[in-house]
Amino acid sequence: MFAKLVKPLQSRSNEVLAALLPKAGKHQSNLAEAMRYAVLSPGKRIRPVLTYLTGQALGVPLTTLDNAAASVELIHAYSLIHDDLPAMDDDDLRRGRPTCHKKFDEATAILAGDALQALAFEVLVRESSETIAPDVKVKMVKSLAISSGVFGMAGGQAVDLAAAGKKMTEDQMERMHLLKTGALIKASVMLGYHLADLNNEELSQALENYAHCLGLAFQVQDDILDVEGDTEIIGKPQGSDHVSDKATYPKLLGLKQAKETADKLIATAVASLGVLKENAEPLRILAEYVIKREK
């Protein structure tokens, strides 16, 4: 069911991204190549899929959702490039391939991340999106900017780096991950909501609650996979968080309780979708996929 639902959207996302990314040019060929390498590497495209599924649930055409879905994946790709740098997590492997700074060089990787961040916002406001009202574009830009900055992803990464080797409480860890991972998950959902242009407070709150729980569950499961996952499947070295002495849910709660926490979060996320009635089914399927554990 999940594959049938998501694979067409993953393929669509890849096609849109490939068309939006710069081609290798005469003067910036290495930079453009690095951008394409990072973005078009194999990935689940969970964030753009969330934008597509949320928008579809609210009656928004796929063509209207394309640029927003691409923008959130561009921000995600930029964050992965920078997270992998020697000054940050210092990883050699991402999505089963050498990280951007290993494939190219550190300076090119930094510039590729910078350029992808800029491209994400340019894509959101392109004149070709003439069917989208200017005030809706402003809402989307604000949502994506907040989720990417000091009160979102970048702020969460700063907390994560500062916490290495230190003991955190569960509340502190939750706040860190709601910034580092959850903020962009929330933006992915809310971009789809903004494009529906409904101005429905009950629906907006329901989707925010869904995204809040989903984003946190996503990170809990990521921590679990660092313990149990296979390097070839998760696309990065298994146990890398342990080697870096990072604060993780299994380390804090134990593996069993970490799994129970992820399950409870997904149950709460799904319960938040009641306002959507039958239109909630695709978002429910996606949420349950996040914590699917195959032996």
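For the pair Asp89 and Gln157, the minimum side-chain heavy-atom distance is below 4.5 Å. Put simply, the side chain of Leu286 reaches to within 4.5 Å of the side chain of Ile46, judged on heavy atoms. Proximity of Arg45 to Glu73: side-chain heavy atoms (C-beta onward) are separated by under 4.5 Å at one or more points. For the pair Asn279 and Leu58, the minimum side-chain heavy-atom distance is 4.5 Å or more. Ile81 places none of its side-chain heavy atoms less than 4.5 Å from the side chain of Tyr37. Between Leu50 and Tyr210, some side-chain heavy-atom pair lies under the 4.5 Å cut-off. Looking at Phe121 and Val141, their side chains come closer than 4.5 Å, going by heavy atoms from C-beta outward. Residues Met153 and His76 fail the side-chain proximity criterion, which asks for heavy atoms closer than 4.5 Å.
For Ser143 (side chain) and Lys139 (main-chain N/O), no donor-acceptor pair under 3.5 Å exists by modelled atom type. No donor-acceptor pair under 3.5 Å is formed between the side chain of Ser13 and the backbone N or O of Leu9. Distance alone, capped at 3.5 Å, is enough to place a donor-acceptor pair between the Ser41 side chain and the Ala38 backbone. A donor-acceptor pair is defined here as one N or O able to donate and one able to accept, closer than 3.5 Å; such a pair exists between the side chain of His82 and the backbone of Ile110. Put simply, the side chain of Gln172 gets close to the backbone of Thr169: a donor and an acceptor are under 3.5 Å apart. Although no hydrogens or angles enter the test, the distance criterion places no donor-acceptor pair under 3.5 Å between the side chain of Asp84 and the main chain of Thr99. A side-chain donor-acceptor contact under 3.5 Å links Tyr193 to the backbone of Asn200.
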| task | Give the C-alpha distance, both sets of side-chain angles, the deciding distance and a yes or no for side chain to side chain contact (heavy atoms under 4.5 Å, CB included) between Gln117 and Leu74. | result | CA-CA 7 Å; Gln117 183 185 43; Leu74 291 170; over 6 Å; no

| request: List the steps and the verdict of salt bridge (charged side-chain N to carboxylate O under 4.0 Å, His left out) for Glu281 and Arg284. | output: CA-CA 5 Å; Glu281 186 65 7; Arg284 179 192 66 78; 2.3 Å; yes

| request: May I have the step-by-step check of side chain to side chain contact (heavy atoms under 4.5 Å, CB included) for His194 and Lys142, ending in yes or no? | output: CA-CA 11 Å; His194 289 317; Lys142 182 179 179 180; over 6 Å; no

| message | If you apply the rule side chain to side chain contact (heavy atoms under 4.5 Å, CB included), what do you find for Leu252 with Met168, and how did you get there? | response | CA-CA 8 Å; Leu252 178 67; Met168 299 183 76; 5.8 Å; no

| task | Verify side chain to side chain contact (heavy atoms under 4.5 Å, CB included) between Arg175 and Asp171, making sure each step is shown before the conclusion. | result | CA-CA 6 Å; Arg175 173 167 170 72; Asp171 286 345; over 6 Å; no

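Here Arg36 does not pair with Glu33 in a salt bridge; the nearest charged N to carboxylate O distance is not below 4.0 Å. Using a 4.0 Å cut-off between charged side-chain N and carboxylate O, Lys264 and Glu260 make no salt bridge.
What you find for Gly152 and Ala183 is that their closest heavy atoms are CA-CB, 3.8 Å. The minimum heavy-atom distance linking Ile185 with Leu214 is given by the pair CG2-CD2, 4.1 Å. Nearest heavy-atom pair, Arg95 versus Pro42, reported as atom, atom and distance to 0.1 Å: CD-O, 2.8 Å. Considering all non-hydrogen atoms of both residues, Ala109 and Leu85 come closest at CB-CD2, 4.1 Å. The minimum heavy-atom distance between Ser147 and Leu184, with the atom names listed, is OG-CD1, 3.6 Å. The heavy-atom pair separating Ser272 from Asn209 by the smallest distance is OG-CB, 3.5 Å.
Leu207 and Leu198 fall within a single hydrophobic cluster, where Ile, Leu, Val, Met, Phe, Trp and Tyr are joined by side-chain heavy atoms under 4.5 Å apart, directly or via other members. Val189 and Leu124 fall within a single hydrophobic cluster, where Ile, Leu, Val, Met, Phe, Trp and Tyr side chains are chained together by heavy-atom contacts under 4.5 Å. Phe151 and Leu216 fall into different hydrophobic clusters, where Ile, Leu, Val, Met, Phe, Trp and Tyr side chains are chained together by heavy-atom contacts under 4.5 Å. Using a 4.5 Å cut-off between side-chain heavy atoms of Ile, Leu, Val, Met, Phe, Trp and Tyr, with links allowed through other members, Leu31 and Tyr78 fall into the same hydrophobic cluster. The hydrophobic cluster containing Leu203 also contains Met140, counting ILVMFWY residues as joined when their side-chain heavy atoms lie under 4.5 angstrom apart, directly or transitively.
Here the CZ atom belonging to Arg94 is positioned 14.5 Å from the NZ atom belonging to Lys102, to the nearest 0.5 angstrom. Between atom CG of residue Leu65 and atom CG of residue Leu191 there is a gap of 9.5 Å, rounded to the nearest 0.5 Å. Atom OG of Ser71 and atom CD of Glu122 lie 11.0 Å apart (nearest 0.5 Å). One distance of note links CD of Gln221 with CG of Asp263; it measures 8.5 Å at 0.5 Å rounding. Once rounded to the nearest 0.5 Å, the distance linking NZ of Lys186 with CG of Leu144 reads 13.0 Å. For the atom pair Ile132 CD1 and Asp197 CG, the distance stands at 10.5 Å (nearest 0.5 Å).
For Asp66 and Tyr52, the side-chain atoms include at least one donor-acceptor pair closer than 3.5 Å. With 3.5 Å as the limit, one finds no donor-acceptor pair spanning the side chains of Gln10 and Asn14.
Heavy-atom neighbours of Asn199 CG from other residues, nucleotides or ligands within 6.0 Å: at or below the threshold of 12.
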